Amino acid sequence: INSGQLAGNRNIIINGDFTNWQRGTSQSALSNAGVYLADRWTHQQYQNGLHTRQAFSASGTHPGNSQYVLRASGDGTSTASRIYTAQGIESINCIPLRGKTITMSLYLRCAAATMPTSSLGNLTIWVGSTSATADASVQGTDYSASGAAVTTFAQGSLPTTWTKITNTYTVPTNTNNILAAVGFASNVDAGTGDWYEISQVQIEIGSTATPFEQRLFGTELALCQRYYCKTFNQGTAPAQNAGTAGA
């Protein structure tokens, strides 16, 4: 039974349901720097945006019954807020995918069909190969990489209810890194009312998007801890000069 497209451990994305936030659940990104917040997920390229964990109870009914979503928004103060979210897949996990067809799927919803800051441009959902290393700078120019699978929503047609998006991509035989990304095309002074939410992000082998794989919490946490771990309790954000409580 444990084979084919419905096999266990088929989701190549880590923390695709945004359960693990070891660094804390709200943080603004720094200018032109990759900043991780939700485990394995990062702001990139002139972000100055805000990533926050949102509970489904606060975000409306969700078809997948996960507990959390990631909200990417402008922070209302910084310039050049691209509002961009990405996960780079480690090379050792990309090499087995060479020459194969993969499918990325996720749920998406936006604050409004047209964002209050309309100059944000189109919203792009992207999967493809990138020359950038998986844990270093992933630049927005990767949106235009040759052969990438892209879904684009123009201002005025952004989905405001949970919508499942799928992109199918054939991995080149020389691929070392794969990027999954969501983001607006333009850098503007975006406010907190400009946001999108994503959830249940999955990349799997094959041309069909299967239901999201719900791994056990301990399994997902262990996968995240390969890249980041701490001495604080899982739900306690790391702190400096804050005493020993929780450490």
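We use all heavy atoms of the structure for the numbers below, so side chains are in, but hydrogens, waters and symmetry mates are not. Keep in mind that what you see is a predicted model, and the values were worked out from it rather than measured.
Using a 4.5 Å cut-off on side-chain heavy atoms (C-beta onward), R53 and L70 make no contact. Between Y107 and T161 there is no side-chain heavy-atom pair separated by less than 4.5 Å. Inter-residue side-chain proximity for T103 and T208 is flagged as unmet; no heavy-atom pair is nearer than 4.5 Å. Looking only at side-chain heavy atoms (C-beta outward), Q202 and L106 stay at 4.5 Å or farther from each other.
Closest approach of T101 and T170 over heavy atoms only: OG1-OG1, 3.7 Å. Closest non-hydrogen pair, P159 versus L108, comes out as CG-CD2, 3.8 Å. Heavy-atom minimum distance, Y84 versus H51: O-NE2, 3.5 Å. Across all their heavy atoms, I13 and A180 have their closest contact at CD1-CB, 4.1 Å. A pairwise comparison of heavy atoms in V171 and L97 identifies CB-O, 3.3 Å as the closest pair. For the residue pair R23 and Y36, the shortest heavy atom distance occurs at CD-O, 3.3 Å.
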How far apart are the C-alpha atoms of Y196 and S73, what are their side-chain angles, what is the distance that settles it, and do they pass the side chain to side chain donor-acceptor pair (under 3.5 Å) test? CA-CA 7 Å; Y196 62 80; S73 68; over 6 Å; no

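By the salt bridge (Lys or Arg N to Asp or Glu O under 4.0 Å) test, R226 pairs with E90, sequence neighbours left out. With sequence neighbours excluded, no residue forms a side-chain contact (heavy atoms from CB on, under 4.5 Å) with P96. Applying the ring pair (Phe, Tyr, Trp, His ring centres under 6.0 Å) rule to W41 yields the partners F18; only residues at least two apart in sequence or on another chain are considered. Partners of P238 by side-chain contact (heavy atoms from CB on, under 4.5 Å), not counting sequence neighbours, listed by chain and number: Y228, K230, F232. Scanning for side-chain contact (heavy atoms from CB on, under 4.5 Å) contacts around A154 gives N122, S157, with sequence neighbours left out. For R215, the salt bridge (Lys or Arg N to Asp or Glu O under 4.0 Å) partners at least two apart in sequence or on another chain are E213, E220.
One finds the CD atom of Q234 at 8.5 Å from the OG1 atom of T236 (value rounded to the nearest 0.5 Å). Distance check, rounded to the nearest 0.5 Å: OG of S105 to CD of E204 gives 5.5 Å. Here N93 contributes atom CG and I14 contributes atom CD1; the two are 6.5 Å apart, rounded to the nearest 0.5 Å. For the atom pair OG1 of T173 and CD1 of I95, the computed distance is 12.0 Å after rounding to the nearest 0.5 Å. Atom OG1 in T25 sits 7.5 Å away from atom CG in L37 (nearest 0.5 Å). To the nearest 0.5 Å, atoms CD1 (I89) and CG (L179) are separated by 8.5 Å.
Under the 3.5 Å distance criterion, the side-chain polar atoms of Q155 are matched with a main-chain donor or acceptor of G121. Side-chain atoms of D194 never come within 3.5 Å of backbone atoms of A111 as a donor-acceptor pair (strictly under, hydrogens ignored). Between the side chain of N15 and the backbone N or O of D39, at least one donor-acceptor pair lies under 3.5 Å. Using modelled atom types, one side-chain atom of Y169 and one backbone atom of S129 make a donor-acceptor pair closer than 3.5 Å. Panel note: side chain R98, backbone T175; a donor-acceptor pair is recorded below 3.5 Å.
By the rule that hydrophobic residues join a cluster once side-chain heavy atoms approach within less than 4.5 Å of another member, L50 and Y68 end up as members of separate clusters. Linking Ile, Leu, Val, Met, Phe, Trp and Tyr residues whenever their side-chain heavy atoms come within less than 4.5 Å leaves W195 and L123 in two separate clusters. Hydrophobic cluster membership differs between L221 and F212, with clusters built from Ile, Leu, Val, Met, Phe, Trp and Tyr side chains linked at under 4.5 angstrom.
At a cut-off of 3.5 Å, with distance as the only test, a side-chain donor of T151 or N167 sits close to an acceptor on the other residue. With 3.5 Å as the limit, one finds no donor-acceptor pair spanning the side chains of Q87 and T42. A donor-acceptor pair shorter than 3.5 Å cannot be found between the side chains of T163 and R109. Counting only N and O atoms by type, the side chains of S199 and E197 include no donor and acceptor under 3.5 Å apart.
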